[in-house]
Amino acid sequence: MKLEKLSNYVLYAISAIIVLSFLAFFLIGYDNPEGDKNAPMLTGYLLWLQYALGIIACVLMIWSVVVSARKSSGSDEVKMTGIPGSKIVLVTCAITIVSMIVGLLLGLGEDDFTTSSGSFTPGYMVTLVDVFMWAMYILAVVSVIAVVISATGIFVQKKK
């Protein structure tokens, strides 16, 4: 089986798991009042799923960087789009850093958070979560735009 085909199957499987998990979260025990607040039943499951996906993404990112570095080993080959790989890496890192700065600015000054069960989260941790949430939103939008542009093929150079 080709690596690209396997990659597509893994992407479809992970996407299906995520969609089913969020559907289960909202459809199974979402309206679970606890005092004057709502405590969905599957919150813990959803949090563990996010932790697992985050760890998997970090591991795959590190593996991908190592494999790419070994393959290119100092060369700055121009890919099919005509854009050098080093520029793609720099732009990706810049977008990630800018999105985290935007998240930090939008999340500054968060109040401490206390749940109905009495557990306490300090404001700086709420801000940290906001940073990563905003960064994920921004990066998701940028990724969708990149996929749409890539699918159109407008930047692909024609073979001569």
Side-chain angles (χ1 to χ4, degrees), residues 7-72 76 79 81 83-152 155:
S7 175
N8 284 338
Y9 287 143
V10 170
L11 176 66
Y12 297 147
I14 290 174
S15 298
I17 290 169
I18 291 169
V19 168
L20 290 174
S21 298
F22 277 96
L23 283 174
F25 175 76
F26 286 112
L27 296 175
I28 301 172
Y30 180 74
D31 295 326
N32 186 21
E34 194 173 287
D36 61 343
K37 305 206 180 205
N38 188 32
M41 290 173 50
L42 299 179
T43 303
Y45 165 74
L46 205 57
L47 287 171
W48 282 109
L49 174 68
Q50 293 302 313
Y51 295 146
L53 291 174
I55 290 169
I56 291 169
C58 288
V59 168
L60 290 176
M61 178 189 67
I62 292 168
W63 176 74
S64 177
V65 167
V66 169
V67 169
S68 295
R70 282 188 181 168
K71 279 186 179 178
S72 65
D76 193 28
K79 301 292 182 196
T81 60
I83 303 170
S86 60
K87 286 187 181 178
I88 293 172
V89 169
L90 287 175
V91 168
T92 303
C93 290
I95 291 172
T96 302
I97 292 168
V98 167
S99 66
M100 291 179 78
I101 291 170
V102 168
L104 179 64
L105 294 175
L106 291 173
L108 282 177
E110 288 287 341
D111 296 330
D112 295 341
F113 184 78
T114 305
T115 64
S116 60
S117 64
S119 60
F120 172 77
T121 304
Y124 69 88
M125 287 302 292
V126 177
T127 299
L128 185 64
V129 170
D130 284 352
V131 167
F132 289 108
M133 291 301 292
W134 278 107
M136 285 190 309
Y137 296 149
I138 292 168
L139 291 171
V141 169
V142 170
S143 297
V144 168
I145 292 169
V147 167
V148 168
I149 290 172
S150 176
T152 63
F155 289 116

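Computed over heavy atoms, backbone and side chain alike; hydrogens, waters and symmetry mates excluded. The chain is numbered in sequence order, starting from 1.
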Problem set entry | Residue list, side chain to side chain contact (heavy atoms under 4.5 Å, CB included) with Val91, at least two apart or on another chain | Ile95
Exercise. Side chain to side chain contact (heavy atoms under 4.5 Å, CB included) with Met133: which residues, sequence neighbours excluded?
Worked result: Val129, Met136, Tyr137
Exercise. When you look at Leu53 and Ile17, which way does the side-chain contact (heavy atoms from CB on, under 4.5 Å) test go after all the steps?
Worked result: CA-CA 11 Å; Leu53 291 174; Ile17 290 169; over 6 Å; no
Problem set entry | Partner residues of Val10 under the side chain to side chain contact (heavy atoms under 4.5 Å, CB included) criterion, sequence neighbours left out | Leu6, Ile14
For this session: Among Leu20, Ile18, Val19, find the one that has a side-chain contact (heavy atoms from CB on, under 4.5 Å) with Phe22.
Result: Ile18
Exercise. Roughly how far, to the nearest 0.5 Å, is CH2 of Trp134 from CE of Met100?
Worked result: 15.0 Å
Exercise. Between atom CD1 of Ile101 and atom CD1 of Ile138, what is the distance when rounded to the nearest 0.5 Å?
Worked result: 10.5 Å
Problem set entry | With Leu47 via side chain to side chain contact (heavy atoms under 4.5 Å, CB included) - residues at least two apart | Thr43, Tyr51
Exercise. Considering residues at least two apart in sequence or located in another chain, which fulfil the side-chain hydrogen bond (donor to acceptor under 3.5 Å, both in side chains) criterion with Ser21?
Worked result: Tyr45
Problem set entry | Any residue meeting ring-ring contact (aromatic ring centres under 6.0 Å, His included) with Phe26, in chain and number order, not counting sequence neighbours | Tyr30
